[in-house]
Q: 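One structure follows; several queries about it will come next.
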Amino acid sequence: MADQFHIDFYYLIHMYKNHFGTSPYHYLIQRRMGEATRLLVSTNKKIWEIAKLVGYDNPNYFTILFTKTVGESPRSFRKKNQKDMFGDEVSHSY
């Protein structure tokens, strides 16, 4: 984007953060983790598959970042939040 607008990369990051209150990098992480939480509760895809779908080739890195961002591991998040189509909690052994 900086090249398209003919401005310095660091200036663009600074302006983005001033306007939106977060860096483009942190915004991207938040979007990816939001999509990951949605996939964890609405699908039975494996965690490594979800990691890949949201842009992380390394599932271990995804798990570390997810835990740091969301406050619990993907497995724990899924177990606490996944429901079946009748609204009952689903018990899985992953």
Side-chain angles (χ1 to χ4, degrees):
M1 271 179 36
D3 287 342
Q4 289 178 332
F5 293 111
H6 305 289
I7 59 175
D8 182 65
F9 173 77
Y10 296 102
Y11 179 72
L12 175 65
I13 291 172
H14 175 75
M15 294 304 294
Y16 186 98
K17 187 171 183 175
N18 280 347
H19 190 268
F20 295 106
T22 188
S23 72
Y25 175 74
H26 285 108
Y27 171 75
L28 180 60
I29 291 171
Q30 290 296 327
R31 290 293 307 260
R32 287 177 169 177
M33 294 305 129
E35 179 64 7
T37 59
R38 186 189 70 77
L39 291 168
L40 284 165
V41 298
S42 65
T43 72
N44 285 323
K45 292 186 181 300
K46 297 188 182 309
I47 292 170
W48 69 265
E49 291 175 299
I50 292 173
K52 215 158 183 48
L53 285 171
V54 299
Y56 296 99
D57 290 329
N58 182 334
N60 293 327
Y61 179 67
F62 166 75
T63 297
I64 290 167
L65 201 54
F66 185 95
T67 302
K68 183 178 176 183
T69 305
V70 177
E72 60 186 320
S73 71
R75 184 180 315 262
S76 174
F77 181 85
R78 172 179 269 167
K79 189 174 181 179
K80 287 182 182 177
N81 295 286
Q82 192 172 47
K83 310 232 184 267
D84 68 16
M85 57 192 197
F86 302 107
D88 299 326
E89 289 191 24
V90 177
S91 176
H92 295 286
S93 52
Y94 291 100

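Here, residue 1 is the first one in the sequence, and each next residue gets the next number. Quantities reported herein were computed from a predicted structural model and do not represent experimental measurements.
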Q: Applying side-chain contact (heavy atoms from CB on, under 4.5 Å) to Leu12 and Met1, what does each step give before you reach the verdict?
A: CA-CA 8 Å; Leu12 175 65; Met1 271 179 36; 3.8 Å; yes
Q: Using 0.5 Å steps for rounding, measure from the OG atom of Ser23 to the OH atom of Tyr16.
A: 8.0 Å
Q: Please work out which of the three classes, parallel, tilted or perpendicular, describes the rings of Tyr56 and Phe62, given edges at 30° and 60°.
A: tilted
Q: Are Leu39 and Tyr61 joined in one hydrophobic group, where the rule is that I, L, V, M, F, W and Y side chains link up if heavy atoms are under 4.5 Å apart?
A: yes
Q: Kindly check if the number of other-residue, nucleotide or ligand heavy atoms within 6.0 Å of CG (Asn18) is above 12?
A: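 Buried by this count: over 12 neighbours within 6.0 Å.
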Q: Heavy atoms, side chains only, cut-off 4.5 Å: are Pro74 and Thr67 in contact?
A: yes
Q: For residues Leu53 and Lys45, determine if any side-chain heavy atom of one lies less than 4.5 Å from a side-chain heavy atom of the other.
A: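 They are in side-chain contact.
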Q: Is there a side-chain contact between Val41 and Arg78 (heavy atoms, below 4.5 Å)?
A: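 Side-chain contact under 4.5 Å: no.
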Q: Would you mind reporting whether Asn81 and Leu40 have side-chain heavy atoms less than 4.5 Å apart?
A: no
Q: Can you establish whether the number of heavy atoms outside Phe20 located under 6.0 Å from its atom CZ is more than 12?
A: yes
Q: Please tell me whether Phe77 and Ile64 are part of a single hydrophobic cluster in this structure, the criterion being side-chain heavy atoms less than 4.5 Å apart.
A: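 No: no chain of side-chain contacts under 4.5 Å links Phe77 to Ile64.
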Q: With rounding to the nearest 0.5 Å, note down the distance linking CD1 in Ile13 to CD1 in Ile7.
A: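 Interatomic distance, Ile13 CD1 to Ile7 CD1, rounded to 0.5 Å: 10.0 Å.
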Q: Answer yes if Phe66 and Trp48 sit in the same cluster of Ile, Leu, Val, Met, Phe, Trp and Tyr residues linked by side chain heavy atoms under 4.5 Å apart, and no otherwise.
A: no
Q: Quick one, Arg38 with Glu35, criterion salt bridge (charged side-chain N to carboxylate O under 4.0 Å, His left out). Give me CA distance, side-chain angles, the key distance, then yes/no.
A: CA-CA 5 Å; Arg38 186 189 70 77; Glu35 179 64 7; 2.6 Å; yes
Q: Grouping I, L, V, M, F, W and Y whenever their side-chain heavy atoms are under 4.5 Å apart, do Tyr11 and Phe5 come out in a common cluster?
A: yes
Q: Which atoms form the tightest heavy-atom contact between Asp57 and Pro59, and what is the distance?
A: O-CD, 3.3 Å
Q: Go through the structure and list residues passing salt bridge (charged side-chain N to carboxylate O under 4.0 Å, His left out) with Lys46, not counting sequence neighbours.
A: none
Q: Not counting sequence neighbours, list each pair that qualifies as a salt bridge (charged side-chain N to carboxylate O under 4.0 Å, His left out) and has a residue in residues 8-32.
A: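 Of all non-adjacent pairs touching residues 8-32, none passes salt bridge (charged side-chain N to carboxylate O under 4.0 Å, His left out).
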Q: If you define the side chain from C-beta out and look only at heavy atoms, does anything of Ile29 sit under 4.5 Å from Lys68?
A: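 No. Closest side-chain heavy atoms not under 4.5 Å.
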Q: Is a donor on one side and an acceptor on the other found under 3.5 Å between the side chain of Gln82 and the backbone of Thr43?
A: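 The answer is yes, because a donor-acceptor pair under 3.5 Å joins these two groups.
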